[in-house]
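Note that the structure is a prediction, hence the values are computed from the model and not measured.
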Amino acid sequence: MRAEDSATVPTPIAAGSSPAGPAFPTAPAIRVTPSAQHTDHPAPPPAPSGGPGTPAHPADRGGADPHRGDRRDGSTGQGSAARLGTLQAALGVIAFSLTFPATAWGLEGFGPWTLVTVRIVLAALIAGGCLLARRVPPPARRHWGPLAVVAFGVVVGFPALTTLALQTSSTAHAAVVVGLLPLTTALCSALRTGARPSRTFWCASLAGAAVVVGFAVQQSGGAPNRADLYLFGALLVCAAGYTEGGRLARVMPGWQVIGWALQLSLPFALVGVVVAATHEPLVLTAHGVMGVLWVAAGSQFLGLVVWYRGMATIGIPRASQLQLAQPLLTLVWSVLLLGEHLTVAAPLTALAVLACIAVTQRSRG
């Protein structure tokens with residue numbers, strides 16, 4: 001994900017050779033004038049600064065790192081990075097799949113706006129503590145614009161809109177629209193970054209999204225309502241936030257991306273907590289407290305840390321397709337935590353979704 005994560009391994013120099021060129025002849029002796037003294041030993045080119053238009057470190061792109069794995073072709077390092085990135089993105093999906101059940105728990109004791117602002121404040125305090133402990137300097141000025149998009153889409157927009165939707169919608173119905181998030185993220189990424197996934201990739205993505213939506217609609221029996229408007233809006237802002245966050249995670253650690261986005265949102269969230277707490281009822285229950293703690297620490301911070309790390313390693317479109325499994329995981333958690341009922345169609349749908357994910361992961365973007 002980040003260039004600073006790679007340790008530089010010095011390249012062995014053959015006897016009688018220069019780091020920058022072939023071996024010097026031993027005879028006859030060559031007289032080197034002062035003006036040309038350094039021409040045979042050019043300085044290595046400067047490392048990429050990580051600014052706009054600068055290629056990311058090979059390991060952050062999921063490509064071969066010449067300092068890792070097989071130094072001849074980088075194939076070993078490339079495969080290890082891809083596997084690790086896939087695992088990290090999958091851990092993020094698991095964390096996100098608990099968000100709706102945890103939000104439903106939180107709504108048992110908190111009003112919607114109190115829940116949203118409290119989760120932002122708690123997550124921002126956790127992230128701020130990590131930034132201070134690691135003495136992380138503020139990002140460069142050019143990164144604050146994308147960080148604002150991450151803050152608006154991922155930190156504020158998606159939690160607020162989905163929380164409002166869950167006031168009148170079940171978690172199963174919310175999972176219907178969230179099942180479209182991988183496709184909207186891939187589309188947003190293609191428009192923003194110029195990526196051109198293959199036809200196989202798009203066919204598998206559309207098939208997986210159709211399977212997820214069909215299953216979730218059948219499970220909830222839901223018809224379009226006001227909650228759907230909130231959820232569709234959440235999809236758009238979250239896809240934009242994921243895209244910008246994935247791009248930033250190529251030039252800075254993923255936990256710093258979400259950490260600084262949370263710091264941007266903290267002043268507004270503090271004001272929101274004061275205003276919301278005076279207008280909404282507050283009842284401290286075990287479910288309510290556990291729900292708020294999870295959406296703050298798990299969904300809002302830790303989940304996004306591994307998610308952005310995975311996106312930076314294997315690419316935004318491919319990582320987003322792992323979220324095809326998120327609605328099914330959410331339904332499973334809904335059964336275990338909320339007591340909702342699922343039909344026997346769940347395992348068949350899970351197999352179909354896993355097949356689509358396998359195709360998207362193997363297709364070349």
Side-chain angles (χ1 to χ4, degrees), residues 94-129 151-178 216 219-222 225-231 233-234 237-238 258 261-263 265-304 326-327 329-342:
I94 294 174
F96 300 152
S97 69
L98 282 161
T99 300
F100 285 174
T103 300
W105 272 8
L107 288 173
E108 293 180 10
F110 295 82
W113 291 109
T114 304
L115 175 59
V116 171
T117 52
V118 167
R119 70 181 279 183
I120 295 174
V121 170
L122 292 177
L125 292 177
I126 296 172
F152 177 76
V154 178
V155 176
V156 179
F158 187 81
L161 292 171
T162 54
T163 300
L164 292 173
L166 286 172
Q167 285 189 289
T168 57
S169 173
S170 67
T171 56
H173 187 81
V176 173
V177 182
V178 171
Q219 282 295 111
S220 64
N225 51 40
R226 186 175 63 180
D228 290 329
L229 298 179
Y230 290 134
L231 293 170
V237 297
C238 189
I258 188 59
L262 284 164
Q263 303 315 302
S265 308
L266 181 58
F268 305 99
L270 288 172
V271 175
V273 168
V274 175
V275 174
T278 59
H279 292 83
E280 294 180 339
L282 176 62
V283 180
L284 295 180
T285 64
H287 278 180
V289 172
M290 286 190 293
V292 170
L293 290 178
W294 176 257
V295 294
S299 303
Q300 194 80 76
F301 182 64
L302 297 177
L304 286 170
Q326 183 174 326
L329 291 173
T330 299
L331 292 173
V332 171
W333 296 126
S334 298
V335 171
L336 298 177
L337 302 177
L338 304 177
E340 296 186 4
H341 176 70
L342 295 181

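At least one donor-acceptor pair closer than 3.5 Å links the side chain of Thr278 to the backbone N or O of Val275. In this structure a side-chain-to-backbone donor-acceptor pair under 3.5 Å is missing from Gln167 to Pro112.
Atom CG of Leu302 sits about 7.0 Å away from atom CD1 of Ile126, to the nearest 0.5 Å. Distance check, rounded to the nearest 0.5 Å: CZ of Phe100 to CG of Leu338 gives 12.0 Å. Separating the CH2 atom in Trp333 from the CD1 atom in Ile94 is a distance of 7.5 Å, to the nearest 0.5 Å. Atoms CG and CG, on Leu98 and Leu336 in that order, are 9.5 Å from each other to the nearest 0.5 Å. To the nearest 0.5 Å, the span separating CG on Leu331 from OG1 on Thr171 amounts to 6.5 Å. Atom CG of Leu107 sits about 13.5 Å away from atom CH2 of Trp105, to the nearest 0.5 Å.
Nearest heavy atom pair, residue Ala277 against residue Thr114, reads N-OG1, 3.9 Å. Of all heavy-atom pairs between Gly303 and Ala95, the closest is CA-CB, 3.8 Å. Among all heavy-atom pairs drawn from Ala269 and Thr117, the shortest one is O-CB, 3.7 Å.
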When the side chains of residues 293-300 are checked against the rest of the protein, which donor-acceptor pairs come out under 3.5 Å, sequence neighbours left out?
| unit_1 | atom_1 | unit_2 | atom_2 | d |
| --- | --- | --- | --- | --- |
| Trp294 | NE1 | Ser299 | OG | 3.3 |
| Ser299 | OG | Thr99 | OG1 | 2.7 |
| Gln300 | OE1 | Arg119 | NE | 3.0 |
| Gln300 | OE1 | Arg119 | NH2 | 3.4 |
| Gln300 | NE2 | Val154 | O | 3.4 |

Exercise for the section: Applying side-chain contact (heavy atoms from CB on, under 4.5 Å), run through Val121 and Leu266 and close with a yes or a no. Expected result: CA-CA 6 Å; Val121 170; Leu266 181 58; 4.2 Å; yes
Handout entry: Worked check of side-chain contact (heavy atoms from CB on, under 4.5 Å) between Ile258 and Val155
Key = CA-CA 8 Å; Ile258 188 59; Val155 176; 3.8 Å; yes
Exercise for the section: Kindly indicate, with the supporting measurements, whether the criterion side-chain contact (heavy atoms from CB on, under 4.5 Å) is fulfilled by Val178 and Thr330. Expected result: CA-CA 10 Å; Val178 171; Thr330 299; over 6 Å; no
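A side chain to side chain contact (heavy atoms under 4.5 Å, CB included) with Phe110 is found for one member of Val116, Leu115, Thr163 and no other, namely Leu115.
Scored by the side-chain contact (heavy atoms from CB on, under 4.5 Å) test, Leu161 finds Tyr230, Ala234, Val237 as partners (sequence neighbours excluded).
No side-chain N or O of Thr285 forms a donor-acceptor pair with one of Glu108 less than 3.5 Å apart.
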